[in-house]
Protein chains: 2
Amino acid sequence: MSGAIHVDFSQPCPIRDVLDRIGDQWSLLVLVSLAPRTKRFNELLREIGDISKQMLARTLRRLEQDGFVERTVYPEVPPRVEYTLTELGRSLLEPIGGLVRWADTHHLAIAEARKRHSG
Amino acid sequence: MSGAIHVDFSQPCPIRDVLDRIGDQWSLLVLVSLAPRTKRFNELLREIGDISKQMLARTLRRLEQDGFVERTVYPEVPPRVEYTLTELGRSLLEPIGGLVRWADTHHLAIAEARKRHSG
DNA sequence: ATACCTGGTCTAAAAGATAGACCTACCTAG
DNA sequence: CTAGGTAGGTCTATCTTTTAGACCAGGTAT
């Protein structure tokens, strides 16, 4: 299952392309945050906590453009806007889940490595 | 399986912590680049292509501190420095592999979503 | 002597992120 | 009528991060 990852960086590389999009400070966090259910802008803002409005807006717009998230506006007063994962977005949750499980399993080892280096 | 990812962002969160480290512009790329074999500084620089020396140095230093990568200096002239994945680093390749496979499978869908949005 | 090699570091300037004020649009309390 | 609140943003001024590119050691090849 073979750990043989092999990526040719020199070509116009789909993996580079995808990683550049989701591998930023916030995208994965927003995706994970939307995993359990549809949420509203300020709800995401509060839940993630240390993201700025602007970055959340920008991140959501890009996720929408890339087809990960769907944005629905309800013309009510006060306005309501809901963000939901698309099928594509949900499909990404599986590999992300692997990453999350890995993080959960190994964060102690990382903490120790850091301690070794700072001590 | 079940895509039930559930992360509590309000706590000192190991997933947040780990994602903040590997979820930057370059770390995953360096890790993937080191997957097939040990490499030297300038080799990584050339292979990744659009990373600056400084960012590569900084990324490698952080990956080393977190225990993903081992740095070996050979006191030759000209100097030689080799970077290898540790066991921890190699263990991370598995979930990353899931991500890479996902990217390979779905990059067309993303390209189409982008086209829909720009058109 | 001169130019060149590696694996970096340093600095100045460009790019990106943040906080916080502000905006639309309507509703309610006084 | 005025003041204040709510939701979802945008705008701007400031701060941080990233970049390009010069520079360094200390040897080797020309």
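Chain letters run A, B, ... following the sequence lines, proteins first and then strands; every chain starts at 1. This is a predicted model, so every value here is computed, not measured.
With sequence neighbours excluded, no residue forms a side chain to side chain donor-acceptor pair (under 3.5 Å) with B:Glu87. For the side chain to side chain contact (heavy atoms under 4.5 Å, CB included) test, no residue two or more places apart in sequence or in another chain qualifies with A:Thr105. Residues passing the side chain to side chain contact (heavy atoms under 4.5 Å, CB included) test with B:Ser91 are A:Trp102, A:His106, B:Leu88, sequence neighbours excluded. B:Asp104 pairs by the side chain to side chain donor-acceptor pair (under 3.5 Å) definition with nothing, not counting sequence neighbours. Residues passing the salt bridge (Lys or Arg N to Asp or Glu O under 4.0 Å) test with A:Glu43 are A:Arg37, sequence neighbours excluded. With sequence neighbours left out, the side chain to side chain contact (heavy atoms under 4.5 Å, CB included) criterion links B:Arg80 to B:Arg40, B:Tyr74, B:Glu76, B:Glu82. The side chain to side chain donor-acceptor pair (under 3.5 Å) check on B:Thr84 picks up B:Thr38, with sequence neighbours excluded. Residues satisfying the side chain to side chain contact (heavy atoms under 4.5 Å, CB included) test with A:Ala103, not counting sequence neighbours, are B:Ile15, B:Val18.
OP1 or OP2 of D:dG8 lies within a sub-4.0 Å distance of a side-chain N or O belonging to A:Arg40. Proximity of B:Arg80 to the phosphate of D:dG27: no side-chain N or O atom is located under 4.0 Å from OP1 or OP2. The side chain of B:Tyr83 places an N or O atom within less than 4.0 Å of a non-bridging phosphate oxygen (OP1 or OP2) of C:dG8. OP1 or OP2 of C:dT9 sits under 4.0 Å from a side-chain N or O of B:Arg61.
Across all strands shown, B:Tyr74 has no heavy atoms under 4.0 Å from either base or sugar-phosphate atoms.
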Close N/O contacts between protein and nucleotides 25-29 of chain C (under 3.5 Å):
none

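Computed from coordinates, the B:Ile51 CD1 to C:dG8 C1' distance equals 14 Å when rounded to whole Å. Separating the CG atom of B:Leu44 from the C1' atom of C:dT6 is a distance of 14 Å, rounded to the nearest angstrom. The distance from atom CD of B:Glu76 to atom C1' of C:dT6 is 11 Å, rounded to the nearest whole Å. For the pair B:Gln25 CD and D:dT19 C1', the interatomic distance rounds to 12 Å; values are reported in whole Å.
When each of A:Trp26 and B:Arg46 is assigned the nucleotide of DNA chain C bearing its nearest heavy atom, the one mapping closer to the 5' terminus is B:Arg46.
Between its opening and closing five pairs, the helix from C:dA1-D:dT30 to C:dG30-D:dC1 changes axis direction by 30°, a value rounded to 10 degrees.
Of the residues in residues 52-60 of chain A, those lying under 4.0 Å from DNA chain C by heavy-atom distance are A:Ser52, A:Gln54, A:Met55, A:Arg58.
No donor-acceptor pair closer than 3.5 Å links the side chain of B:Ser33 to the backbone N or O of B:Leu44.
Among residues at least two apart or in separate chains, side chain to side chain donor-acceptor pair (under 3.5 Å) pairs with a member in residues 58-68 of chain B are A:Arg114-B:Asp66, B:Arg21-B:Asp66, B:Asp24-B:Arg62.
You'll find the side chain of B:Val73 stays beyond 4.5 Å of the side chain of B:Pro79, heavy atoms only.
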